[in-house]
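A short write-up of the structure that comes next.
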Amino acid sequence: MSKEPVAVVGIGQTRHVAARRDVSIAGLVREAAVRALEDAGLTWADIDAVVIGKAPDFFEGVMMPELYLADALGAVGKPMLRVHTAGSVGGSTALVASNLVSARVHRTVLTLAFEKQSESNAMWGLSLPVPFQQPLLAGAGGFFAPHVRAYMHRTAAPDHIGSLVAFKDRRNALKNPYAHLHEEDITLEKVRASPMLWDPIRYSETCPSSDGACAMVLTDREGAGRAPHPPAWVHGGAMRSEPTLFAGKDAVSPRAGSDCAADVYRQAGITDPRREIDAVEMYVPFSWYEPMWLENLGFAEEGEGWKLTESGATELDGDLPVNPSGGVLSTNPIGASGMLRFAEAALQVRGQAGDHQVEGARKALGHAYGGGSQFFSMWLVGAEPPAS
């Protein structure tokens with residue numbers, strides 16, 4: 001049996017800030033969900049199932065919060081699933097929802113991801129000592145900094161590349177009213193002069209800690225025909241994972257990431273991603289991961305990712321805009337960060353990204369990763385339905 005084409009007809013997100021003390025977790029997720037329903041021109045009664053995702057529970061200190069969120073999300077008496085794949089969970093959650101529509105299990109699905117980091121402390125939550133595991137030191141940066149240093153050593157990348165990425169993404173965020181960080185006075189010199197946190201990662205080359213949520217409404221071909229706005233169509237989606245540590249693991253360019261991208265490109269009929277994809281929303285929590293992922297995802301040859309960044313190709317007006325929304329470097333409600341990448345990719349091909357719209361975007365990639373560079377989820381969306 002052929003798969004049902006999947007359309008993104010509704011997108012909603014909250015304004016992302018360090019602390020949303022005006023709402024509970026339930027109020028936060030409902031805010032995003034209501035906006036997605038309004039965008040889709042639908043009501044709660046039109047939703048057949050809800051798929052929700054978030055990062056580890058100790059990031060808020062509330063165990064299994066989805067159990068009390070059913071009412072806020074109109075899911076009472078309906079199927080409700082929770083997905084968890086560490087930092088990539090927002091993307092994985094969207095893919096589970098997409099697969100439910102594609103397999104014709106449900107016709108219209110609300111998918112949502114969130115984080116309310118202000119109610120706990122994610123950095124110290126990630127620093128818990130775990131027996132027989134590599135220590136994370138002080139938060140995720142302590143884990144990933146040696147991988148960045150390994151990339152620099154492997155490729156001879158100069159040490160200013162990370163600052164170029166951070167400067168670009170923070171400037172892009174100024175065009176995105178939902179972004180957490182709006183640094184009006186940002187300059188490249190300020191980024192390069194910021195304190196060193198985890199050598200070689202500087203303070204201004206890291207993501208913030210954000211409260212926020214993102215929601216999307218996914219539906220079938222018939223539902224797309226009734227939508228009030230042009231939909232984004234899912235052309236390909238995939239998840240891959242690998243262990244945190246194993247003999248031969250390449251932490252600089254994980255096999256799970258490259259395999260996931262290859263599967264998405266195969267589904268979407270992409271043979272030259274650099275030329276055929278118009279915009280990329282890439283999961284870059286530390287600025288050096290832009291050139292690293294450019295290579296991992298097949299946009300640049302090994303050792304050439306930093307040169308692509310340095311050339312200006314990934315700027316908003318470049319030939320391969322990366323993170324026109326400002327990305328994770330500017331907004332990071334961890335559980336929702338991956339879904340924001342997927343949703344922003346969909347906004348681009350719908351022509352609804354506002355001031356950070358990439359002109360003429362017809363195909364866009366959403367990318368998320370999590371854990372110790374071990375969980376990957378990606379989708380490619382287009383302005384036209386996929387070829388049958």
Side-chain angles (χ1 to χ4, degrees), residues 1-9 11 51 53 83 85 88-109 111 113 216-224 230-242 253-283 293-300 320 322 338-350 358 361-370 374-388:
M1 183 185 297
S2 64
K3 294 182 179 180
E4 179 68 30
V6 180
V8 183
V9 295
I11 297 172
V51 182
V83 180
T85 57
S88 74
V89 64
S92 303
T93 302
L95 289 175
V96 170
S98 176
N99 288 339
L100 289 172
V101 175
S102 177
R104 299 186 176 92
V105 175
H106 300 294
R107 298 191 62 181
T108 303
V109 176
T111 185
M216 292 187 287
V217 176
L218 310 183
T219 190
D220 56 15
R221 188 190 297 273
E222 185 176 331
W233 295 90
V234 179
H235 287 219
M239 290 182 259
R240 291 290 188 280
S241 62
E242 61 184 46
S253 185
R255 174 71 180 272
S258 56
D259 283 357
C260 187
D263 190 6
V264 172
Y265 298 156
R266 178 191 58 78
Q267 294 174 41
I270 298 292
T271 57
D272 186 348
R274 171 76 190 282
R275 304 302 174 195
E276 297 176 71
I277 295 174
D278 302 309
V280 182
E281 280 287 338
M282 182 188 293
Y283 202 109
W293 292 149
L294 284 170
E295 297 176 28
N296 186 251
L297 300 180
F299 292 106
L320 184 68
V322 174
M339 187 172 289
L340 285 166
R341 309 282 67 74
F342 281 37
E344 288 286 351
L347 284 172
Q348 288 291 340
V349 300
R350 295 177 77 190
V358 174
R362 306 297 292 173
K363 293 182 179 179
L365 180 72
H367 163 272
Y369 88 102
Q374 68 194 101
F375 300 110
F376 292 85
S377 57
M378 305 174 206
W379 79 3
L380 191 137
V381 287
E384 303 296 333
S388 43

Under the salt bridge (charged side-chain N to carboxylate O under 4.0 Å, His left out) rule, collect the residues that match up with [X], sequence neighbours excluded.
X: Arg274; result: Asp319
X: Glu222; result: Arg107, Arg226
X: Glu295; result: none
X: Arg275; result: none

Can you tell me how far apart [atom1] ([X]) and [atom2] ([Y]) are? Round to the nearest 0.5 Å.
X: Leu218; Y: Thr111; atom1: CG; atom2: OG1; result: 6.5 Å
X: Glu276; Y: Ile270; atom1: CD; atom2: CD1; result: 4.5 Å
X: Ser253; Y: Asn296; atom1: OG; atom2: CG; result: 4.0 Å
X: Asp259; Y: Glu242; atom1: CG; atom2: CD; result: 8.5 Å
X: Phe375; Y: Ser88; atom1: CZ; atom2: OG; result: 7.0 Å
X: Leu297; Y: His367; atom1: CG; atom2: NE2; result: 4.5 Å

[X] and [Y]: which non-hydrogen atoms are nearest, and at how many Å?
X: Gly338; Y: Ala368; value: CA-CB, 3.7 Å
X: Gly257; Y: Met378; value: O-CE, 3.3 Å
X: Ala238; Y: Leu95; value: O-CD1, 3.2 Å
X: Val264; Y: Gly236; value: CG1-O, 3.9 Å
X: Leu320; Y: Ile277; value: CD1-O, 3.7 Å
X: Phe376; Y: Ala256; value: CD1-CB, 3.7 Å

How would you list, by chain and number, every residue that makes a side-chain hydrogen bond (donor to acceptor under 3.5 Å, both in side chains) with [X], sequence neighbours excluded?
X: Thr108; answer: Thr219
X: Ser241; answer: none
X: Glu281; answer: Ser325, Arg341
X: Asp263; answer: Arg240, Arg266, Gln267

Under the side-chain contact (heavy atoms from CB on, under 4.5 Å) test, residues paired with [X] that sit two or more places apart:
X: Ala232; result: Val8, Ala346, Val349, Arg350, Val381
X: Ala343; result: Ile11, Cys214, Met216
X: Glu4; result: Arg104, Asp220, Arg221
X: Glu384; result: Arg362

For Gln348 and Asp278, run side-chain contact (heavy atoms from CB on, under 4.5 Å): C-alpha distance rounded to whole Å, both residues' side-chain angles, the deciding distance at 0.1 Å, then the answer. CA-CA 9 Å; Gln348 288 291 340; Asp278 302 309; over 6 Å; no
Would a distance-only check, ignoring hydrogens and angles, find a side-chain to backbone donor-acceptor pair under 3.5 Å from Thr93 to Val89?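 Such a contact is found between Thr93 side chain and Val89 backbone.
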Under 3.5 Å donor-acceptor, Trp379 side chain and Val234 backbone: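 The answer is no, because no donor-acceptor pair under 3.5 Å joins these two groups.
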